[in-house]
Amino acid sequence: MTSSNMNMMGRIVFYEDRNFMGRSYECSSDFADMSSYLSRCHSCRVERGCFMVYDRPNYMGNQYFMRRGEYADYMSMFGMSDCIRSCRMIPMYRGSYRMRIYERENFGGQMYEMMDDCDNIMDRYRMNNCMSCHVMDGHWLMYEQPHYRGRMMYMRPGEYRNFMNMGWSGARFMSMRRIMDSYY
């Protein structure tokens, strides 16, 4: 692997205790269940790249976006009730961004095509709900509330017919943001 490819890869180090103490585990790819390596995880350091971390194994539960930096006690920073159990590396992407959002599940109701961030779908499109989407290009973060607040979900290219099937009890999003290469 060339050094330029190495620079594109992410690297995150998880620590059992707050303030980067206790046993650690280094990761540079998706990791479905870290409980076999760490009994708990209360801090982390993102050395390169961006990651989504999850408070349940197999990329389930609440999700949190982490870019390069130190998270000495992310449970209090994010108000998490449980520690990180899995993580997904977000590959760097340079190119156009395109996503269709739909008012109802299974691509029903109003549809709008987006190519940039939207801080409030109600203000921009007069949509009360976004309950399914089709991501054609790029990687996106979708938020439960306007202005990029509340619970979030990572969306990579693909079809998402029903957010409830993905373990999202609220089943709707009100704002979306592109994961840009400037985050890396």
Side-chain angles (χ1 to χ4, degrees), residues 1-2 4-12 27-32 46-56 58-69 78 86-184:
M1 191 174 291
T2 67
S4 62
N5 285 343
M6 286 298 290
N7 290 337
M8 295 301 222
M9 294 186 60
R11 186 164 75 205
I12 187 168
C27 186
S28 59
S29 62
D30 294 359
F31 197 54
V46 180
E47 296 180 356
R48 282 195 308 264
C50 296
F51 289 83
M52 287 307 288
V53 298
Y54 303 80
D55 64 5
R56 295 211 177 112
N58 300 313
Y59 321 112
M60 299 298 287
N62 293 311
Q63 305 183 21
Y64 303 91
F65 177 69
M66 294 188 168
R67 56 202 219 181
R68 194 156 48 106
F78 298 122
S86 57
C87 74
R88 179 162 270 153
M89 188 189 78
I90 302 171
M92 183 181 281
Y93 174 79
R94 288 193 176 109
S96 61
Y97 288 77
R98 200 160 58 110
M99 171 171 55
R100 290 190 182 135
I101 60 172
Y102 297 85
E103 183 180 28
R104 304 200 192 297
E105 56 277 311
N106 294 313
F107 312 128
Q110 296 181 69
M111 182 279 286
Y112 293 96
E113 188 164 300
M114 304 175 50
M115 299 179 78
D116 61 352
D117 300 351
C118 177
D119 70 350
N120 190 332
I121 63 169
M122 184 64 195
D123 289 352
R124 187 185 290 184
Y125 303 117
R126 299 288 171 237
M127 279 177 79
N128 291 325
N129 291 314
C130 170
M131 299 177 75
S132 58
C133 73
H134 179 193
V135 177
M136 282 87 83
D137 297 304
H139 296 258
W140 299 72
L141 290 175
M142 299 185 63
Y143 296 82
E144 178 179 44
Q145 297 170 19
H147 309 290
Y148 318 117
R149 291 194 322 258
R151 293 186 304 165
M152 67 178 76
M153 186 172 279
Y154 166 52
M155 301 292 198
R156 51 191 180 181
E159 294 185 348
Y160 302 90
R161 295 180 168 277
N162 186 339
F163 299 139
M164 286 182 79
N165 292 346
M166 301 168 66
W168 188 267
S169 58
R172 68 183 210 169
F173 295 100
M174 298 304 290
S175 55
M176 332 31 218
R177 175 180 278 164
R178 297 163 295 164
I179 301 176
M180 305 292 287
D181 62 354
S182 60
Y183 291 179
Y184 288 79

Apply side chain to side chain contact (heavy atoms under 4.5 Å, CB included) to residues Y125 and I101 and explain how you reach the verdict.
CA-CA 10 Å; Y125 303 117; I101 60 172; 4.1 Å; yes
Which atom names give the shortest non-hydrogen contact between S29 and C87, and what distance separates them?
O-SG, 4.0 Å
Reported CE-to-OH distance for the pair M60 and Y54, which is rounded to 0.5 angstrom:
10.0 Å
Could you tell me the separation between the CE atom of M152 and the OG atom of S175, rounded to the nearest 0.5 Å?
9.5 Å
With rounding to the nearest 0.5 Å, note down the distance linking OG in S28 to CZ in R11.
8.0 Å
Is there a side-chain contact between F173 and I121 (heavy atoms, below 4.5 Å)?
no
Separation between CZ of F51 and CZ of R68, rounded to the nearest 0.5 Å:
12.5 Å
Considering non-hydrogen atoms only, spot the tightest contact between S132 and G108 and give its length.
OG-N, 4.4 Å
Does the pair R177 and F65 meet the rule for a side chain to side chain contact (heavy atoms under 4.5 Å, CB included), with working shown?
CA-CA 12 Å; R177 175 180 278 164; F65 177 69; over 6 Å; no
Could you walk me through whether M52 and H139 pass side chain to side chain contact (heavy atoms under 4.5 Å, CB included), step by step?
CA-CA 12 Å; M52 287 307 288; H139 296 258; over 6 Å; no
Any donor-acceptor pair under 3.5 Å from Q63 side chain to Y154 backbone:
yes
Could you please spell out the steps behind the side chain to side chain contact (heavy atoms under 4.5 Å, CB included) verdict for R151 and N62?
CA-CA 7 Å; R151 293 186 304 165; N62 293 311; 3.5 Å; yes
Side-chain heavy atoms of Y97 within contact of D116, under 4.5 Å
no
What is the distance from atom CE of M66 to atom CD1 of I90, rounded to the nearest 0.5 Å?
11.0 Å
List the residues meeting side-chain hydrogen bond (donor to acceptor under 3.5 Å, both in side chains) with N120, not counting sequence neighbours, and say none if there are none.
D123
Short question: side chain of R98, backbone of D137 - any donor-acceptor pair under 3.5 Å?
no
Measure the CG-CZ distance between D30 and R88 for me, rounded to the nearest 0.5 Å.
5.0 Å
For the residue pair F107 and H134, does the interplanar ring angle fall in the parallel (under 30°), tilted (30 to 60°) or perpendicular (over 60°) class?
tilted
To check you understand the geometry: which heavy-atom pair defines the closest contact between E103 and G109, and what is its length?
OE1-CA, 3.7 Å
C133 and Y102: which non-hydrogen atoms are nearest, and at how many Å?
CA-CD1, 4.0 Å
Return the set of residues passing salt bridge (Lys or Arg N to Asp or Glu O under 4.0 Å) with R161 (not counting sequence neighbours), or none when no residue passes.
E159
Identify the heavy atoms of M115 and R178 that sit nearest to each other, and give their distance.
O-CD, 3.7 Å
M176 versus Y148, closest heavy-atom pair with distance
O-CE2, 3.3 Å
Once the angle between the rings of Y160 and F163 is folded into 0 to 90°, is it parallel (under 30°), tilted (30 to 60°) or perpendicular (over 60°)?
tilted
